[in-house]
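Have a look at the structure below before the remarks.
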Amino acid sequence: MDILGTVLPALGDAFGLILQPSVLMFLALGVVMGLAVGVFPGLGGIAGLSLVLPFIFGMDTVSGLALMVGMVAVVPTSDTFASVLMGIPGSSASQATVLDGFPLAQKGEAARALAAAFASSLFGGLVGALFLTFFILIARPIVLAFGLPEMLMITIFGLSMVAVLAGRVPLKGLAAAGLGLLVGTIGEADAGGSLRMATYDIAYLTDGLKLVIVGLGIFAVPEIVTLLRQDQSIAKDAVLGAGWLDGVKDWWRNKMLSVRCAVIGVIVGVIPGLGGSVVDWIAYGHTVQTTRDKSKFGSGEIRGIIGPESSNNAKEGGGLVPTLIFGIPGSGSMAVFIGAVALLGSGDLEVGPQMLSANYLDITYSIVWLLALANVVGTALCIGLSPTIAKLTTIRFTLLAPFLFMLISFAAFQSGQNLADLVALFSIGLLGIFLRRFDWSRPAFLIGFVLSNPAETFANQAYQVAASKFREGMASGMEYLFGPIVIVLIVITAISIYFGIRQAKVIMAEGEVKSGGKRAPVIFMVLVGIYFVVSFYNASLISDRLITDKIFPMFVASVGMICVAIMLVMMTRRPATDTIFADRESDGGGSLPVHGLWPTLAWFGFLLILTSLAGFILALLVFLPAFMRFRAGLSWTKAGIYTVCSIAFMMFMAWVLNREFPPGLLQHFLELPWPLT
Amino acid sequence: MSGVSKHLRHAAVGAAALAAFGIGASANAETNLAGKTIQWTIPFSETGGSAKWANFFAPLLGEALPGSPKVVVRFMPGAGSTKGANWFQKQKNGDGTVMFGSSGSTQFPYLLGDPRVRYEYKDWKPVMATGTGGVAYLPAKLGAKFDGTANKLKGEKFIYGSQGATRLDLVPILAWKMLGLSVEPVFGIKSRGAGRLMFERGEANIDYQTSSAYLKSVVPLVKDGKAVPMMTWGSLDSAGKIVRDPTFPDIPTFKEVCEKTDGCQPSGEQWDAWKAFFIAGFPVQKIAFLPKGTSQEVVDTLTAGFAKVKGRADFEKISAKRLGKYPMFVGKDAQAALARATSVPDSAKAFVKKWLKADYGVELK
């Protein structure tokens, strides 16, 4: 394409389009709304977009784009708040940020961590936009070069990050990833529709577990429960240390890392059907591998924030490529975006190859640069807010916990609109608590879960297509499977695994864990082993006609069984102080929590049971004052005020976003008015 | 700006109407819905074709109904849309504020006796239905061997990116089988768009898209000489006969191709089964329903609302652009469309079940 003749005028026109007061106003409005939605864990761009959809119809094209892009762009920025401050991955884009962000918050350096994250986000977003301006012109052949074998290799590369995050016992990390992969296969198989570890009698399981629930359960629930048991503030001793300026300086010192991760973000984001979920892990893995002193990862290494945060905003830019020029959404929010674009203006604008033609290139560029601009506005707002919001970490956590639990239950419920969502959250949360206690790598589990479906589908499909190419001839089969991109990826993956395993022992992604006592770790190991065996048996029952539905779970379960078997043998031979017996509860010294695990969990079980009986709002009406009075020790008056404010807030959110609350048994018999429905 | 102000204006008009006539003092026999919110539940996620469909109609319907109620679209995905449909079956609120939108993917499990189905189409009150068509196409090299018959394609090995044999893909897969083509479906792709991408990458060498997607994404490929149209599924005339798709008058229908191809016959058990599922999946693809037990007055009000939308001077223009050229049925026509889409002879059902099990090992139990 003629760069001078087409691109530069189009870029000029694009800036002309977006630098109008009304457009900027809509952009700012979108950003503010996106921030308001994005700070709540589990509610992402889709919830925000559906909020503005009613107003989109017939709206002026550029203004409408500004509103929507502003909202989509800011979500990966704003969800950093939850990741850093509460250890809750706000969305799949900020999973890796939790690993080092939350320990920093516990050290009282929340403002620094947030500022470094936001500076990286901003920079990543801008680099992404700049890169995209030129890349989008040549993107079509590149995207088409990514066939099924290439996507499978990218998925495997993503899985290889497990090597870095496996923890001190590599086999345990592998088994954790295997468990994640297996949990990801629960439900109806994509290929033939066979059920795995599910039955039609429990309709909920046939759809499989949702990422929101697993993410919240694995990371958020254990953190909340731990903090609650210690009955302290998040920042130890409730003191705030380094401020936001230090964070910006941290970012500046690591700007080259930021550039590299931003480019990783754009490139991985471009690949349709993968994008979002792996980017931050790949960036985290890259960051670890390129950092000389690896000892601080997992206990508050600032580079561990800068890497993933630089990549996740750049990814949104990359995700525009398949969305705009192929009409294939890179993520859920992009899919809503495509649908909404058709409602804009006179309806002429349709995403597809024509977005690159001279007629529409200015619109395409205005989308790219609106995204960049939204990053600037969003980041400025976030940095401005972070010192204030960081103060949350000095509040006694017992006061925050019920509010957080209310929010994540609400968010979890939105994923399936089923009471079973809450049961799933509770169960996965319990698993998360044990994984954390016995030092099984939770990141490895989550990477496995996220990549389970891509790994299975791409492997099956690539196998099928390859088989037909091999029928044409050996040469065309080999050419299909081992293209240049695949070979490069195989080499990168091999190198990454080799170094990953060598480094993994130093990296304690979740801090140090003491050992002592054999009984509990062995019991948990055996339980995990039993799950592998049952999954294997369950998958083996599927008819051989549907081999594509059974081969993957059986393979993963076999690997898992072997890992567990070897570890059990190791356990019989090693002393109770060995790292393999890591157990956070074994710690005899001073930091034992004030409250026990089971009484703390019982509170949440109580909320769950109440909800299943009387619906969410009525349950909160009992749970919140009871918790505040008996666990937090507030007076009845204060507990009452807390309850009223929390519930009012919850209702306002649900009303604005037009969402429902979990109903209970009572609602089954009685028709009650909203919000009691 | 105009979008927001337009909405405010509607709200203002609604409020003014309320103030002028007083609540319940509506002059005609229609139910006045002023101040109400209609929840239109779509049993799919925010990202699919049904979402686009409902989001397009929702504001227009709100504008057209007496009292200009707010129409909001709610999404309840799960279990291949049977979850939302099962939920709708239990709804009793027949005051017009609860509406449902089903699609071919809701119709097929119902017809195939999927064990998850706890809903009954006959209970529901259809108020509007739309349809679509589909076009099958080939890469240029194979397209050159297509001469209006599939005879020269019979030795070829085809790969097709499919969402699943029990979905809408059943219609193309069965059609190709009847033509004697050896097509191997690669299951588990996430959308028809992803299937098209497989075709563009050369991993798949046969594909189909619905009318609007074909116009948007495949026509450019045809112009570039990368793809060649093969056949459409056709369109139904008022007598229920398959004729050429008016959107693609130059492309032969599957029926024509079948007649000319050796060994394929547009009659008999196989053909009846194909035709029945084609009708349920394409010409009557998406239907808007009110729940069981809704009064005729409310049904009439909603029907009139959709009729008003259809009657807009600019309707053809905006719907063609935003939705593709879909035929739209309202009221009695919607009822007739529903009857066509859900009355599949038992022999056709039995045939399809037997074929799915024999060829793909898929059993619905």
Side-chain angles (χ1 to χ4, degrees), chain A residues 22 26 46 49-50 53-60 63-64 143-148 188-193 200 203 206-207 272-273 326-329 332 335-336 339-340 342-343 346-348 350 352-354 416-418 456-457 460-461 464-465 468 471-472 480 543 545-546 548 658 660, chain B residues 1-4 6-7 45-48 51-52 55-56 58-60 70 72-80 82-83 86 93 115-116 157 159 161 164-166 184 186-191 193-194 196-198 200-204 213 216-217 220 317-318 321-323 360-364:
Chain A
S22 72
F26 274 108
I46 291 185
L49 279 175
S50 40
L53 266 185
F55 304 104
I56 291 291
F57 190 89
M59 206 170 156
D60 162 56
S63 304
V143 172
L144 284 180
F146 272 87
L148 294 167
E188 247 182 3
D190 264 4
Y200 283 126
T206 61
D207 278 332
F326 288 93
I328 292 170
V336 181
L343 300 177
S346 54
D348 283 336
E350 268 192 49
Q354 64 276 11
Q417 291 172 47
N418 196 322
E456 176 172 20
T457 332
N460 279 333
Q461 294 179 344
Q464 238 181 312
V465 176
S468 102
R471 280 197 293 272
E472 276 172 33
Y480 172 70
S543 139
R545 290 294 311 280
L546 297 166
T548 45
N658 186 36
E660 301 285 322
Chain B
M1 192 65 228
S2 58
V4 176
K6 206 198 255 164
H7 252 264
S45 74
E46 285 92 338
T47 58
K52 203 172 154 185
N55 281 328
F56 167 75
L60 297 177
K70 200 172 145 199
V72 294
V73 182
R74 245 183 88 207
F75 300 94
M76 192 186 280
T82 57
K83 180 189 163 192
N86 288 339
N93 192 353
R116 290 169 297 182
K157 293 276 176 205
I159 292 272
T166 56
E184 184 181 342
V186 171
F187 291 121
I189 60 156
K190 302 283 186 250
S191 67
R196 193 193 77 235
L197 207 54
M198 267 181 84
E200 286 194 56
R201 291 195 303 252
E203 291 176 320
K216 193 170 76 178
S217 314
K317 202 171 132 241
I318 55 175
K321 276 183 178 166
R322 295 194 168 96
L323 219 52
Y360 305 109
V362 175
E363 253 182 300
L364 294 155

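All chains are named by letter (A, B, ...) in the order of the sequence lines, taking the proteins before the strands, and each is independently numbered beginning at 1.
- The part of A/Ser468 that comes within reach of chain B is its side chain, from C-beta onward, which places non-hydrogen atoms under 4.5 angstrom from that chain.
- Residue contact with chain A, scored on non-hydrogen atoms closer than 4.5 Å, is absent for B/Ala58.
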Kindly determine whether B/Leu197 and A/Leu144 satisfy side chain to side chain contact (heavy atoms under 4.5 Å, CB included), including the steps that lead there.
CA-CA 8 Å; B/Leu197 207 54; A/Leu144 284 180; 4.1 Å; yes
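- The side-chain hydrogen bond (donor to acceptor under 3.5 Å, both in side chains) search around B/Arg74 returns A/Gln417, not counting sequence neighbours.
- For B/Ser217, the side-chain contact (heavy atoms from CB on, under 4.5 Å) test picks out B/Arg196, with sequence neighbours left out.
- Distance check, rounded to the nearest 0.5 Å: CD of A/Glu188 to CZ of B/Arg116 gives 4.0 Å.
- Contact tally against chain B (heavy-atom pairs below 4.5 Å) for A/Ala145, A/Gly64, A/Gly147: the top residue is A/Gly147.
- Proximity to chain B is limited to the side chain of A/Tyr480, based on heavy atoms less than 4.5 angstrom apart.
- To the nearest 0.5 angstrom, A/Arg471 atom CZ is 5.5 Å from B/Lys157 atom NZ.
- The most heavy-atom pairs under 4.5 Å with chain A, out of B/Thr166, B/Val73, B/Asn86, B/Ile189, come from B/Ile189.
- Taking 4.5 Å as the limit, every side-chain heavy atom of A/Gln461 sits out of range of all side-chain heavy atoms of B/Phe187.
- When B/Gly202, B/Gly188, B/Gly193, B/Pro220 are compared by the number of non-hydrogen pairs under 4.5 Å with chain A, B/Gly188 comes out ahead.
- Contact of A/Glu472 with chain B is not made at all, since no heavy-atom distance falls under 4.5 Å.
- At a 4.5 Å heavy-atom cutoff, the contact between B/Phe56 and chain A is made by backbone and side-chain atoms alike.
- Counting only heavy atoms from C-beta outward, the side chains of B/Arg201 and A/Leu148 approach each other to under 4.5 Å.
- Residue B/Val186 forms a side-chain contact (heavy atoms from CB on, under 4.5 Å) with just one option from A/Asn460, A/Val465, A/Thr457, and that option is A/Val465.
- Residue B/Leu60 touches chain A through its side chain alone, counting heavy-atom pairs closer than 4.5 Å.
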